[in-house]
Amino acid sequence: MASSASMQLEHMKQMRNIGIIAHIDAGKTTLTERMLFYTQKIHRMGEVHDGTATMDFMPEEQERGITIAAAATFCQWENHTLNIIDTPGHVDFTIEVERSLRVLDGAVGVFCAVGGVEPQSETVWRQSEHFEVPKLAFINKMDRAGANFSAVLTALRDRLGANPLAINIPLGEEDTFRGIIDLISEQALEFSPEDQGRTVLRRELNADETSYAAPWREQLLEGLADIDDIFMEKYLNGEFSQEDVHTALRRITLARKGCPVLAGSALRNMGVQPLLDAVCRYLPSPLDIPAPSGIKNGEPYTVHPDPTGKPVALVFKVQLEEKRRIALLRLYSGTIKEGDGLYNASRKKEERVSRIFRLHADRREQLSEASAGDIVAVLGLRSACTGDTITTPDNPVLLESVEGYQPVISLALEPRNSEEGKKLDEALERYLAEDPTLAATQDEGSGHRIVSGMGELHLEVLLERMKREYGLLPRAGQPQVVMRETIAQAAEGHGRFDRELGDVRHLGEVDLQLSPRPRGSGNLVRFAPEYDPDIKREKGEAVFPRQFVEDVRQGVQDSLLSDPFTGYPMQDIEVLVTRIGREEGRTTSAGCHMAAGMAMRDALEKGGSLTLEPIMKVEISVPEDFLGNAISLFNSRGGRVENLSNRATLKTIEGLAPMSKLFGFSTALRSATQGRAGLILKFETYDAL
């Protein structure tokens, strides 16, 4: 057993969970294709522009030549197992990048040698910094006209606040690009065109190449010595080996104090093998990253990467295929096998693993088990949703505090016919399973499907996906902000119901008091002591019938679901029921229920209502040149700046603004800042302006 555990730990040490992140069209998918080819995972390279790339397997991706959904694959290189996620680069699909980064240990940022650091590169780089992911940078397309290696390094430093350390440099640029110079081994690497770059020819540098590489090598060594004290000592003594340089680079990368940079051209099959070597040498294994923290029985809990421990995994994506739910998991601890009984700690439901797969784009390789560090797809987890923690019943760990998602914007969708209605329901069922931030209901009267989400862009992307994936074009109304109501001031209400319904006469009478509660504290329904069924009575003391109390409670709660005057849900109200009238033989359950509703209406009319709207927490990251433009645009939308801080090379504006005034804000902000600003909108509270 001990040897099996040590083998599993050795397997984890040799594992790399990495993501390929970049701006659209920087060459991520082409690079991933080459990585799979040189690791012999595929035997023929496909091309994005031909629609034959392995990782772009969705028809929409092949048509458009862009990545829409994050695709997972795995391969072997130099005794290392690489789990690779190829993420989208288009701004509309950054949620895919974000949920992938949550479970990855390292990333490769791909930058175009001509375009350099583009707006979406900034966004994904910032997301990876938020999740504290160590990174390498690969400057791609060195063969293109206008390629400039030095300019991209400067942009990495100035625009991303990165500390780039070039470990290889291009041999020639644009149409003279013919290979790379390895600054650590001081050799030239050329890639044989006869076998699509599979053979790497290493040779000593000639005199011209040596003089060209010397200042670059000195820059690398000085950069390492500046950051790493252990290497500085060896460098100052002039006694260091290639291995010392590699070890220092690994320490710096894992601490996120620097970022090794490599050059190449994925399309021309140049520079990919040195990148694979760098991934194995410098990026972390699951044992090198900080152990994730969670909550267990209300106490903080650390999940150690132990393959022999109790299983703890995070669902980072859910796919529905022919009504079957496939959960993509990152295992942080323990081992799971086919047939194992597990527990969904987020939903408090028991689960069973029916099958485990390793993913290779749209193909799968079945596994009998998976252990800590693995990224796998699991069939059989019926209640799993994105963000859920999967564990065992005796170990109820929650990997992160599950936030209450408050939808802030709704859209009415009307299918064009009954057949489209069925397809629309099927599509919504799938999207709701995949995305926990979406909600959907059906309006009984009109038959409209009301879809609610986290923002305008969220719903735009949903409609675009429906059109692409299901061919659906439902009529969509104007987006509506989800409003709430509360009582403006304390008030009393009285309701008496005395009416014949059918052959039965129903009677009920209720008095109550309403008062406002603090924002965000929810509703509270209380009863005067003589009616409260939970108060213990003395022996022989009369007890008010519990059934009537529950009927009144239900009548009050039904009234709180929608304001009788506006129809908005009510919140932050305290209801105290002071009297429930009772006439022996005449008072009925229906009478009590109706009287409670009448008393609520009476009190709401007297107390007056206050409309609450969603207030969003807004975070804008913007270069200093555009700070004034961003602040003035934010103020014009009713925004209130609460904090201004520096983060890397960017200014960060934090503030609050009403959702109703933020329609089209992301587009306006992009225009005002030449696409350089990043925007995060998050629901903060419901409040009156």
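These values consider heavy atoms only, across backbone and side chains, with no hydrogens, waters or symmetry-generated copies.
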CD1/Ile390 to OH/Tyr343 distance, rounded to the nearest 0.5 angstrom? 10.5 Å
From CG (Asp498) to CE (Met594), nearest 0.5 Å: 12.5 Å
So do the side chains of Leu342 and Ile336 get within less than 4.5 Å of each other, counting heavy atoms only? yes
Determine whether Leu399 and Val312 make a side-chain contact, defined as any pair of heavy atoms from C-beta on separated by less than 4.5 Å. yes
Work out which heavy atom in Val525 is nearest to a heavy atom in Gln557; give both atom names and the distance. CG2-CG, 4.4 Å
Looking only at atom types and distance, does a side-chain atom of Ser354 sit under 3.5 Å from a main-chain N or O of Leu379, one as donor and one as acceptor? yes
Indicate yes or no: at least one non-hydrogen side-chain atom of Arg465 is less than 4.5 angstrom from one of Arg430. yes
For residues 514-524, which side-chain N or O atoms pair as donor and acceptor with protein atoms under 3.5 Å away, sequence neighbours left out?
residue: Arg517; atom: NH1; partner: Ser521; partner atom: O; Å: 3.1
residue: Arg517; atom: NH1; partner: Gly522; partner atom: O; Å: 3.1
residue: Arg519; atom: NE; partner: Asp687; partner atom: OD1; Å: 2.8
residue: Ser521; atom: OG; partner: Pro518; partner atom: O; Å: 2.5
residue: Asn523; atom: OD1; partner: Asp572; partner atom: N; Å: 3.0
residue: Asn523; atom: OD1; partner: Ile573; partner atom: N; Å: 3.0
residue: Asn523; atom: ND2; partner: Met570; partner atom: O; Å: 3.1

From NE2 (His448) to CZ (Arg475), nearest 0.5 Å: 8.0 Å
Distance-only donor-acceptor check, side chains Tyr431 and Glu469, under 3.5 Å: yes
Taking everything shown except Arg347 itself, do over 12 heavy atoms lie less than 6.0 Å from its CZ? yes
Return yes when atom CD of Glu500 has more than 12 non-hydrogen atoms of other residues, nucleotides or ligands closer than 6.0 Å, and no otherwise. yes
Closest heavy-atom contact between Gly387 and Leu314? O-CD1, 3.7 Å
Can you tell me if Asp551 and His593 form a side-chain donor-acceptor pair at under 3.5 Å? no
Can you confirm whether the side chains of Ser383 and Glu351 place a donor and an acceptor under 3.5 Å from each other? yes
Hey, what's the ring geometry for Phe544 with Tyr531, parallel, tilted or perpendicular (30° and 60° as the breaks)? perpendicular
Any chance CZ of Arg505 has more than 12 other-residue heavy atoms, nucleotides or ligands included, within less than 6.0 Å? yes
Less than 4.5 Å apart, side chain to side chain, heavy atoms only: is that true for Val376 and Phe357? no
Heavy-atom side-chain proximity of Val577 to Arg526 below 4.5 angstrom: no
Donor-acceptor pair, side chain of Ser293 and main chain of Tyr301, under 3.5 angstrom: no
Start with the C-alpha gap between Glu485 and Ser609, add the side-chain angles, then the distance that decides, and say whether side-chain hydrogen bond (donor to acceptor under 3.5 Å, both in side chains) holds. CA-CA 6 Å; Glu485 289 278 336; Ser609 60; 3.2 Å; yes
With a sphere of 6.0 Å drawn around CD of Glu350, does it hold more than 12 non-hydrogen atoms of other residues, nucleotides or ligands? no
Between the side chain of Ser621 and the main-chain N/O of Thr652, is any donor-acceptor distance below 3.5 Å? no
Contacts of Glu642 that satisfy side-chain hydrogen bond (donor to acceptor under 3.5 Å, both in side chains) - sequence neighbours left out: Arg640
Testing the basics here: between Ala657 and Phe634, what is the closest heavy-atom pair and its distance to 0.1 Å? CB-CE1, 3.7 Å
Hey, does the side chain of Arg330 reach the backbone of Val103 with a donor-acceptor pair shorter than 3.5 angstrom? yes
If we ignore hydrogens and angles and just use 3.5 Å, is the side chain of Gln554 paired with the main-chain N or O of Glu550 as donor and acceptor? no
Taking all non-hydrogen atoms of both residues, which atom of Leu669 and which atom of Thr673 are closest, and how far apart? O-OG1, 2.8 Å
Taking every non-hydrogen atom, the tightest pair across Ser660 and Val481: CA-CG2, 3.6 Å
Between Leu656 and Lys617, which heavy-atom pair has the shortest distance, and what is it? CD2-CA, 3.9 Å
I want to check a possible cation-pi pair here: Arg468 against Tyr470, using under 6.0 Å from ring centre and within 45° of the ring axis as the test. no
Find out whether Pro564 and Leu604 are in side-chain contact, i.e. whether some heavy atom of one side chain is under 4.5 Å from a heavy atom of the other. yes
Do the non-hydrogen side-chain atoms of Leu459 and Leu438 ever get within less than 4.5 Å of each other? yes
Lys/Arg-Asp/Glu bridge criterion (N-O < 4.0 Å) met for Lys606, Glu492: no
Please answer whether the main-chain N or O of Leu644 pairs with a side-chain N or O of Lys651 as donor and acceptor at a distance below 3.5 Å. no
Working to the nearest 0.5 Å, report the span between CZ of Arg352 and CZ of Arg382. 11.0 Å
Tell me whether Arg579 is salt-bridged to Glu530, with the criterion being a basic N under 4.0 Å from an acidic carboxylate O. no
For Cys385, does its backbone N or O pair with a side-chain atom of Asp388 as donor and acceptor, under 3.5 Å? yes
Rounded distance (nearest 0.5 Å) linking atom OH of Tyr686 with atom OG1 of Thr486: 13.0 Å
Does a salt bridge link Asp563 with Arg484, judged by any charged N lying under 4.0 Å from a carboxylate O? no
Determine whether a donor-acceptor pair (N or O, by modelled atom type, separation under 3.5 Å) exists between the side chain of Thr389 and the backbone of Ala345. no
Considering only heavy atoms from C-beta outward, does the side chain of Ile580 approach that of Val549 to under 4.5 Å? yes
